[in-house]
*Asks:* 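Below are the structure tokens for one structure; questions will follow.
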Amino acid sequence: MPTAARLIAALSMALVAIAVSFLIMPLMPEGTDFGYFVPFNAALGVLIGWVWVGRHVGRGVVNAFNNGLTGAALLVLWGLFFQGAWEMFRLAMRNRYDGPFEALSAIFVIGLDFFFVMAVPHVLLALVIGGIFSGLVTENAARRWR
């Protein structure tokens, strides 16, 4: 059911995803074509905010912290999975894999490589602060607009 808390959660998680995407872009190798990187991550943030963060509101401030941090962690996990799958598909179209199982296992290897690229303090700090902010703003919206 649509609520103001779900809308605020979706918008705030999208904002976190956009900010983190722009922090990750300079960390990638020069000449990387990002294509729909930022809009895709923003859409993923909207989805996670609406489905996860917006659903778990109204339980207090401590749970709002946990809710926002869980939303940020889900954003990272799903983002790494989908970006790894996209990169695997791009490489598979160039016949880089011998079989389907090698290609499927490459999703996780590529995702892990992307995680090591993004695991720098300022990106992780932005995720933590953004997640906490998202959880608190969503909790405030749930209390304010019932």
Side-chain angles (χ1 to χ4, degrees), residues 1-59 62-142:
M1 172 158 213
T3 62
R6 283 185 179 228
L7 177 65
I8 297 297
L11 292 176
S12 63
M13 286 306 291
L15 208 65
V16 171
I18 290 170
V20 170
S21 295
F22 280 117
L23 288 175
I24 291 173
M25 288 169 78
L27 301 174
M28 297 300 284
E30 190 172 330
T32 301
D33 180 25
F34 288 101
Y36 293 108
F37 181 69
V38 175
F40 178 79
N41 287 340
L44 190 61
V46 167
L47 186 66
I48 289 171
W50 186 272
V51 172
W52 178 263
V53 179
R55 185 174 58 182
H56 296 92
V57 295
R59 299 178 184 165
V62 173
N63 285 332
F65 272 55
N66 294 336
N67 192 15
L69 289 175
T70 304
L74 286 172
L75 186 65
V76 169
L77 290 176
W78 282 107
L80 288 173
F81 176 75
F82 284 123
Q83 298 297 337
W86 183 260
E87 183 68 14
M88 179 278 301
F89 183 75
R90 188 184 69 80
L91 293 174
M93 291 296 107
R94 295 181 178 173
N95 295 326
R96 299 283 173 97
Y97 303 113
D98 292 331
F101 293 110
E102 183 182 354
L104 288 176
S105 66
I107 292 173
F108 301 103
V109 173
I110 293 169
L112 191 61
D113 289 341
F114 285 162
F115 175 75
F116 288 132
V117 168
M118 69 168 279
V120 294
H122 68 277
V123 173
L124 296 177
L125 188 65
L127 276 167
V128 168
I129 291 172
I132 290 172
F133 173 75
S134 177
L136 289 176
V137 167
T138 304
E139 184 69 27
N140 187 20

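It should be emphasised that the depicted structure is a prediction, and the values quoted were computed from it without experimental measurement.
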*Asks:* Compare every heavy atom of Tyr97 with every heavy atom of Met88, then report the nearest pair and how far apart it is.
*Replies:* O-CE1, 3.6 Å
*Asks:* Strictly distance-based, threshold 3.5 Å: is any side-chain N or O of Asn67 a donor or acceptor partner for the main-chain N or O of His56?
*Replies:* yes
*Asks:* Any side-chain to backbone donor/acceptor pair from Asn140 onto Leu136? Under 3.5 Å, distance only.
*Replies:* no
*Asks:* Could you check whether Trp78 and Phe82 have their ring centres less than 6.0 Å apart?
*Replies:*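 Yes, they do, as the ring centres are separated by less than 6.0 Å.
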*Asks:* Has the side chain of Glu139 got a donor or acceptor atom that lies under 3.5 Å from a matching backbone atom of Gly135?
*Replies:*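 Not confirmed, Glu139 side chain does not pair with Gly135 backbone.
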*Asks:* Are the side chains of Arg55 and Trp50 in contact, using a 4.5 Å heavy-atom criterion?
*Replies:* no
*Asks:* Partners of Ala85 by side chain to side chain contact (heavy atoms under 4.5 Å, CB included), sequence neighbours excluded?
*Replies:* Ile107
*Asks:* Do Val120 and Leu124 have side-chain heavy atoms sitting under 4.5 Å apart?
*Replies:* no
*Asks:* Test of understanding: with salt bridge (Lys or Arg N to Asp or Glu O under 4.0 Å), list the residues that count as partners of Arg90, not counting sequence neighbours.
*Replies:*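 Applying salt bridge (Lys or Arg N to Asp or Glu O under 4.0 Å) to Arg90 gives Glu87.
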*Asks:* Could you list the residues that satisfy side-chain hydrogen bond (donor to acceptor under 3.5 Å, both in side chains) with Ser21, not counting sequence neighbours?
*Replies:* Asn41
*Asks:* Does Ala142 have any side chain to side chain contact (heavy atoms under 4.5 Å, CB included) partners at least two apart in sequence or in another chain, and if so, which?
*Replies:* Ala5, Val57
*Asks:* To the nearest 0.5 angstrom, please state how far the CZ atom of Phe114 sits from the CG atom of Leu80.
*Replies:*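 If I round to the nearest 0.5 Å, the distance is 8.5 Å.
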*Asks:* Leu69: what forms a side chain to side chain contact (heavy atoms under 4.5 Å, CB included) with it, not counting sequence neighbours?
*Replies:*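 Here the qualifying residues are Val128, Ile132.
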*Asks:* State which residues pass side-chain hydrogen bond (donor to acceptor under 3.5 Å, both in side chains) with Ser134; sequence neighbours excluded, sorted by chain then number.
*Replies:* Ser12
